[in-house]
Amino acid sequence: MESSTTRRATRTTPPLLKDLRTLKVAVFHPDDGDGRQLIQQLQRIGCQVQAFWPPLPALSAGIDVVFLAVRPDSIDMGFEWLKGDDAPAVIAVVTYENPTIVEIVLHIGAQAVLPSPIRSFGLLSALVVTRHVHGDTKTLKRRLHKLEAKFLGVRQIAEAKSILMRTRQITDGAAYDLIRDQAMSKRVTTEEIAAAIINANEILSLGRL
Amino acid sequence: MANKDPIRIGVLFSETGATSTIGRSQMQGTLLAIDEINQAGGVEGREIVPVRYDAQSSPAVYAAYAERLLLQDKVNVIFGCYMSSSRKAVLPIVEKWNKLLFYPTLYEGFEFSNNIIYTGAAPNQNSVQLAEFMTANFGSSVYLIGSNYIYPYESNRIMSDLVLQRPNSRKVGERYFNLDATEKDYRLMMADIRDKRPDFIFSTVVGDSTASLYRAYAESGLDPKTMPIASLTTSEAEISQMGFDVALGHFTAAPYFQSINSAANKRCLERLGERFGSSCVPNMCWEAAYFQVHIYANAYRHAEDDEISRIMPHILGSEFEAPQGRIRVDPTNHHTSLYPRIGVANSKGQFTIVREATRPVQPDPYMVTHSLGDWTTTLSTLEL
């Protein structure tokens with residue numbers, strides 16, 4: 001069928017789009033025409049919007065996205081809620097794009113920038129893409145933490161094995177079995193046993209050359 | 001002394017090209033409303049004079065004429081556009097010059113402009129109702145077809161989402177055709193449809209090629225009693241092109257059908273006959289094109305001007321006794337509260353209305369996830 005096109009048969013609406021109506025959004029923007037335009041468009045999209053100016057020092061629970069006006073007269077943006085693993089997605093609303101303002105945008109860790117004056121068109125896409133990026137970043141951070149811990153553990157086990165092999169004249173396999181048996185009988189992880197062995201070895205080696 | 005100068009308005013529809021059947025009917029709806037207003041003494045004694053161009057079913061021509069209307073003809077308001085591509089071509093121009101567009105066509109939603117008033121149905125005013133009706137009466141396996149552009153993509157996404165909420169539902173096919181697709185193009189698909197045996201076909205094919213689709217269906221020997229085509233875009237105008245026998249038994253959801261049995265509709269159709277004879281085929285887009293001029297004229301009377309910042313407050317929230325019922329322009333999203341209906345094509349080339357909203361349904365153009373079931377309670381069951 002040359003004149004027709006078949007689209008992906010499995011096309012379904014992505015969850016990020018379906019979520020829009022349950023999204024909790026905080027708008028920190030002065031109460032002017034621009035701020036109202038932003039709030040009204042978010043309400044048309046169907047988000048649950050709370051608006052404040054100046055920005056609150058603490059966020060109410062469950063906020064998914066924050067729109068934060070970055071103004072030349074409000075450059076102190078060291079909010080606690082911007083830090084930490086549970087920080088919401090942040091979209092900066094800017095009226096200038098000189099280096100001072102862009103630096104603040106970077107400093108607050110914004111995932112997207114919305115230029116002022118605000119237009120209705122583009123807001124929905126910015127919102128969805130920002131949440132996508134924010135979600136991805138969060139997942140990657142979590143995996144990174146896990147991998148770092150895992151990597152440290154592997155290094156410690158290797159070092160503990162070499163201590164045991166050296167001090168007890170046993171093979172690599174036997175050293176590992178020893179660590180694992182200890183971990184099982186004490187009901188802790190092999191990483192913790194390895195850390196304990198390294199610690200003990202350092203203490204026992206004190207004063208030796 | 002009162003100003004007696006005529007009021008010039010821009011009218012921009014396609015009188016030629018692939019979507020000219022609907023375009024001409026929208027033009028006639030617009031001209032009928034202008035006639036009515038002028039015959040009743042105009043707007044505070046001022047005559048409304050349309051400045052019209054033929055946009056030839058081409059977005060580029062729409063854009064060029066829109067700019068000409070605003071800059072050379074110096075109108076403040078344009079009535080026009082059919083396909084989304086034509087609206088998207090005109091939108092940046094009315095925004096740039098801060099003028100106003102009245103758009104009388106159903107579309108896929110997800111738009112708001114301070115410079116546009118939308119008087120056709122949003123998906124929550126036709127798709128939800130159609131999905132509810134079709135799945136309840138025919139079953140939940142659907143074959144989706146459409147013209148190859150954004151409105152059908154989005155309408156089909158919504159329809160799939162809705163149908164797939166039913167137990168044992170299935171989407172068995174999804175195909176898109178060029179605007180100039182012929183019967184031959186559709187014939188091959190009919191073979192596929194016969195193989196896959198959906199409970200119904202959902203079509204968002206638009207324009208003159210609609211007739212070819214229904215003809216290919218009729219020739220294929222499929223039966224509308226067991227596997228009808230359900231559409232949001234096949235109106236009386238398309239039926240007049242394909243012939244009533246070809247359309248017989250297929251379904252359409254729309255806020256307006258010619259067969260609406262109200263005094264306002266009958267009077268309006270009478271006047272239309274007097275003005276245009278039988279050359280005009282009234283349909284959902286015709287009706288929106290008609291009532292939106294009255295919305296404008298009434299707002300003008302209050303604002304005494306059609307400069308956007310002065311007239312807009314009088315448009316938003318305003319109501320009008322339209323042929324479909326009393327409609328209202330929603331102040332928050334610039335779309336219109338309308339009356340969803342479902343019709344089945346009959347042997348007169350008209351629709352027999354089988355479901356009808358008893359109250360207007362508010363427009364919700366940014367609704368991503370529609371759900372079945374929250375509309376039927378307000379519907380009256382007429383027959384079937």
Side-chain angles (χ1 to χ4, degrees), chain A residues 1-25 27 32-51 64-65 67 91 114-132 135, chain B residues 88 91-92 95 109-116 143-149 152-154 156-158 160-162 164 170-182 184-192 205 209 212-213 330-335 363-371:
Chain A
M1 223 174 295
E2 282 175 11
S3 71
S4 84
T5 332
T6 310
R7 290 169 64 89
R8 277 180 299 136
T10 53
R11 196 163 63 108
T12 51
T13 308
L16 278 174
L17 281 163
K18 291 188 169 180
D19 289 350
L20 284 169
R21 292 262 148 131
T22 52
L23 216 54
K24 285 198 175 139
V25 180
V27 174
D32 54 16
D34 247 7
R36 282 190 291 274
Q37 179 110 334
L38 174 59
I39 292 162
Q40 283 166 2
Q41 182 62 13
L42 286 167
Q43 283 167 341
R44 276 180 211 114
I45 292 170
C47 304
Q48 299 166 32
V49 189
Q50 310 169 6
D64 302 293
V65 183
F67 284 84
I91 299 177
L114 205 61
S116 234
I118 286 160
R119 298 185 61 215
S120 319
F121 184 72
L123 184 56
L124 187 146
S125 320
L127 193 56
V128 173
V129 172
T130 304
R131 289 199 64 222
H132 181 68
Chain B
K88 285 287 186 199
L91 183 150
E95 287 194 342
F110 293 93
E111 193 178 283
F112 167 82
S113 167
N114 278 320
N115 301 73
I116 300 184
Y143 197 106
L144 306 165
I145 48 183
S147 296
N148 205 355
Y149 75 105
Y153 300 162
E154 179 61 19
N156 287 350
R157 179 194 69 80
I158 292 166
S160 320
D161 267 10
L162 284 166
L164 295 178
R170 238 155 40 96
K171 178 167 86 179
V172 295
E174 183 170 356
R175 277 178 198 280
Y176 294 90
F177 293 83
N178 293 334
L179 278 173
D180 57 359
T182 62
K184 193 168 142 269
D185 300 318
Y186 293 121
R187 220 171 281 147
L188 279 159
M189 177 185 64
M190 289 302 161
D192 188 42
V205 168
S209 142
S212 307
L213 167 71
D330 190 292
T332 61
N333 60 32
H334 288 199
H335 290 60
D364 189 354
Y366 283 91
M367 186 175 269
V368 173
T369 309
H370 299 259
S371 44

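Reminder, nothing fancy here: chain letters follow the sequence lines and each chain counts from 1.
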Please check: side-chain N/O of A/D64 versus main-chain N/O of A/K24, any donor-acceptor pairing under 3.5 Å? yes
What part of B/Y186 gets closer than 4.5 Å to chain A, counting heavy atoms only: side chain, backbone, both or neither? neither
Atom pair OH/NZ of B/Y143 and B/K171 - distance to nearest 0.5 Å: 11.5 Å
Okay, A/L124 and chain B: the region with an atom under 4.5 Å from a heavy atom over there is side chain
Heavy-atom distance under 4.5 Å to chain A: side chain of B/N114, backbone, both or neither? side chain
Can you tell me how far CD of B/E95 sits from CD1 of B/I116, rounded to the nearest 0.5 angstrom? 6.5 Å
Of A/L123, A/I45, A/L23, A/L16, which is the lone residue that meets side chain to side chain contact (heavy atoms under 4.5 Å, CB included) with A/V128? A/L16
Which answer fits A/Q43, side chain, backbone, both or neither, if we ask what part of it has an atom under 4.5 Å from a heavy atom of chain B? neither
What part of A/R44 is in contact with chain B, defined as an atom under 4.5 angstrom from a non-hydrogen atom: side chain, backbone, both or neither? both
Taking the side chain from B/S147 and the backbone from B/Y149, do they hold a donor-acceptor pair closer than 3.5 Å? no
